[in-house]
There are 2 protein chains.
Amino acid sequence: MGRAPSGRPTSFDIAYLAGVSQPTVSRALRGDRSVSAATRERIQRIAAELNYTVDKNASSLRSQRTHTIALLFFEDGTDENLINPFFLAMLGSITRACANRGLDLLISFQRMEDDWHTRYQDAKRADGLILLGYGDYALYAARISQLVAQGTHFARWGSIRSDRSGATVGSDNLGAGRLAGEHLLESGRRRIAFLGHADEHYPEFAHRYDGLCEALRAAGIEPDPALQFDALTNEDAGYRAASALLASGRSFDAIFAASDLIAIGAMRALAGASRRIPADVAVVGFDNIPSAGLTTPPLTTVQQDISGAGDRLVETVLAQIEGRDPPEPRLPSRLIVRGSSSAI
Amino acid sequence: MGRAPSGRPTSFDIAYLAGVSQPTVSRALRGDRSVSAATRERIQRIAAELNYTVDKNASSLRSQRTHTIALLFFEDGTDENLINPFFLAMLGSITRACANRGLDLLISFQRMEDDWHTRYQDAKRADGLILLGYGDYALYAARISQLVAQGTHFARWGSIRSDRSGATVGSDNLGAGRLAGEHLLESGRRRIAFLGHADEHYPEFAHRYDGLCEALRAAGIEPDPALQFDALTNEDAGYRAASALLASGRSFDAIFAASDLIAIGAMRALAGASRRIPADVAVVGFDNIPSAGLTTPPLTTVQQDISGAGDRLVETVLAQIEGRDPPEPRLPSRLIVRGSSSAI
DNA sequence: CGGAAGATTGCATACGTATGCTGGAAAGCC
DNA sequence: GGCTTTCCAGCATACGTATGCAATCTTCCG
């Protein structure tokens, strides 16, 4: 019945010591009911004594299940050394969600141009993928449909309205935009500028803008397209967008920025132009990054449900793998009111 | 010569199509010189056409090398949902270092109490470990020697003077503390308080304090132990430590905080007590987290060589795995001077 | 032209686990 | 008591790759 122990223990060693066959060990350790309780306990005890652990490689090879998820970040070239703080928070949440389910997490940063779409699941490294990244949506839309075509299990963080194919999980950006808009309207603002791209290349931002517009219209105000300025999600872009807004000469009494980093850049520009916040201009950001509480004045912002997001993303991937129905993909957000948007 | 292709391609399928044996395919794809250039190219072409990728599980099982490193974060209970920004930056750097070397990165957050010391390398999931975490050093010193005893390959981020066993990579905390001290002395400060633990439980902080003391003595000033206040690395602790300092009634004209988070908390306390920064009190932090540039006034701080750190950590683990000599473990830091510490 | 060295490739097998199938024993049923 | 059913465990094998060794073919040299 098997060979004697030697070196790092294998299931054969346990089998030898327990006086059973290797398959019985395998079954016992996975809690298979077809092993009697008595032998199961004996085997588990011996395994514990020997500090035995199942070899993941052998196990994955045989069962074709890795119990691992690969998390793929990507950013389009910019910010080589800095990671978007929002994604970092997300990373924490995803890690926890995986740990809770006994999954391992592989992590990798990708440039948009890499062939990330094939590397992990094909190499049997992971059972599924989670995709995370800002950037021009059009650039990876093609990759995504390729993933769908290949039958890759994946979930992605993004805007839900824009792609029905593939499993996308995301905040209710439309509702969140409306929330921000209503808050600014309630505090008496009427001319609300939006800093952030608002086209189909950046659907998340676009939906936030749409939500703002909805709130304005509901209050009987027709949105002014001239108050929308493009900005990608970093501080410099926010500074430039706000500078352009100031230079345009148009009057405005509030700024809704598509991200906190944009908002922070904008506040710098406003300070440079001696506009007082919130007296002259109210500012609302998006994401509630740690720095948001530290600006002067502290930044009012929209907080996404990050800890829910990790859970939802992991659950969505698992649902695909196991053929279950995916969970609700849309997550609520809430407004964090701070000093940058007090009433006039 | 092997069976015909079916389903996801294997090395047998490639072999069949190329009219060679499976071992030859394996050798060709790994660039083994013992395969003639002609066949190697033919095989590579066919493999590319079929979108073939080596099955990592099978490969790892056979070769006993995973080409994967496991990154283990841990924090002692506090901050369940927030991750220390410094470690996040580190994560980015480590990820990049792994990618550059073709390594995969497994990531996992651990509580100090878990049995992380056995889970990864024993299960053959990773060739080596990187350990990252603040917390009471005494708490995991035992685990670390256990790792060493087991022959686990690992590198850890920490303070170098305090443990010779195992491979520790870290900043030159002593030198960095001296740097901060000299800067404050040059700007005319004489009574410099230190906020952060300074005992053997937190060797990194202790060495920063030691560096400060060295600088003081070199300037002919005997350090006043009453100006040192314990603080763990978060904002609240900084606030409390600074409050205690203020309440002590002792005079001081500068604060050197063991981390930026502590510094930020301290600045809040100073503002509450109407002490002007830097006119009344200069403040220097440590880490240069993103928020450091956003405080009012912007925080002078010490920047560790994070991108070098990731590289060094990965290299140290690899050196152990491959039996090479480890690289120099000590990394230099530099001072980032901002508004919080201008001359009086 | 014989033999040795070198270059290529194939053969056999190992890595450690999981699982379909078979077989024997115990238990339940009429 | 003979039958079916249930429970438990073993046998055989597959997962896909990497590698020591033997075998073949070239080439080269005396």
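In what follows, chains are A, B, ... by sequence order, proteins preceding strands, each numbered from 1.
Between B/Leu61 atom CG and C/dC15 atom C1' there is a gap of 4 Å when expressed in whole angstrom units. For the pair B/Arg62 CZ and C/dG16 C1', the interatomic distance rounds to 12 Å; values are reported in whole Å. Put simply, NE2 on A/His67 is 12 Å from C1' on C/dT17, counting in whole angstrom units. Distance B/Ile43 CD1 to D/dT17 P: 13 Å, rounded to the nearest Å. The CG-P distance, from A/Asp13 to C/dT17, rounds to 9 Å in whole Å. What separates CD of A/Gln22 from C1' of C/dA14 is a distance of 15 Å, to the nearest Å. One atom, CZ of B/Phe12, and another, P of C/dC11, lie 11 Å apart when rounded to the nearest Å. Rounded to whole Å, atom C1' of D/dG16 lies 8 Å from atom CZ of B/Arg8.
Residues A/Leu313 and A/Ile94 are in side-chain contact: their nearest non-hydrogen atoms beyond the backbone lie under 4.5 Å apart. Between B/Gln304 and B/Met90, the closest side-chain pair of non-hydrogen atoms is not below 4.5 Å. With a 4.5 Å cut-off on side-chain heavy atoms, A/Asp127 and A/Arg65 count as touching.
Listed pair B/Gln64 / C/dG16 meets the phosphate criterion, a side-chain N or O lying under 4.0 Å from OP1 or OP2. In this structure, B/Ser59 does not reach the D/dT17 phosphate: none of its side-chain N or O atoms is under 4.0 Å from OP1 or OP2.
When the local axes at the two ends of the helix from C/dC1-D/dG30 to C/dC30-D/dG1 are compared, using 5 base pairs at each end, they differ in direction by 40° after rounding to 10°.
A salt bridge links B/Arg101 and B/Glu315; the closest N-O separation between the charged side-chain nitrogens and carboxylate oxygens is under 4.0 Å. Residues A/Glu49 and A/Arg45 are paired through a salt bridge, judged by an N-O separation under 4.0 Å between the basic side chain and the carboxylate.
Taken residue by residue, residues 24-36 of chain B places heavy atoms nearer than 4.0 Å to DNA chain C at B/Thr24, B/Arg27, B/Ser34, B/Val35, B/Ser36.
Comparing B/Ala37 and B/Ser63 along DNA chain C, the residue whose closest nucleotide (by nearest heavy atom) sits nearer the 5' end is B/Ala37. Both A/Asn57 and B/Arg42 lie near DNA chain C, and the one whose nearest nucleotide falls closer to the 5' end is B/Arg42.
What you find for A/Ile69 and A/Val317 is that their closest heavy atoms are CD1-CG1, 4.0 Å. Closest non-hydrogen pair, A/Val35 versus A/Ala28, comes out as CG2-N, 3.9 Å.
Taking CD1 of A/Ile46 as the start and OH of A/Tyr52 as the end, the distance is 13.0 Å to the nearest 0.5 Å. Taking CZ of B/Arg30 as the reference point, atom OG of B/Ser63 lies at 6.5 Å (rounded to 0.5 Å).
Comparing D/dT17, D/dA12, C/dT17 against the side chain of A/Pro23 picks out D/dA12 as the nearest.
Across all strands shown, B/Thr39 has heavy atoms under 4.0 Å from sugar-phosphate atoms exclusively, and none from any base.
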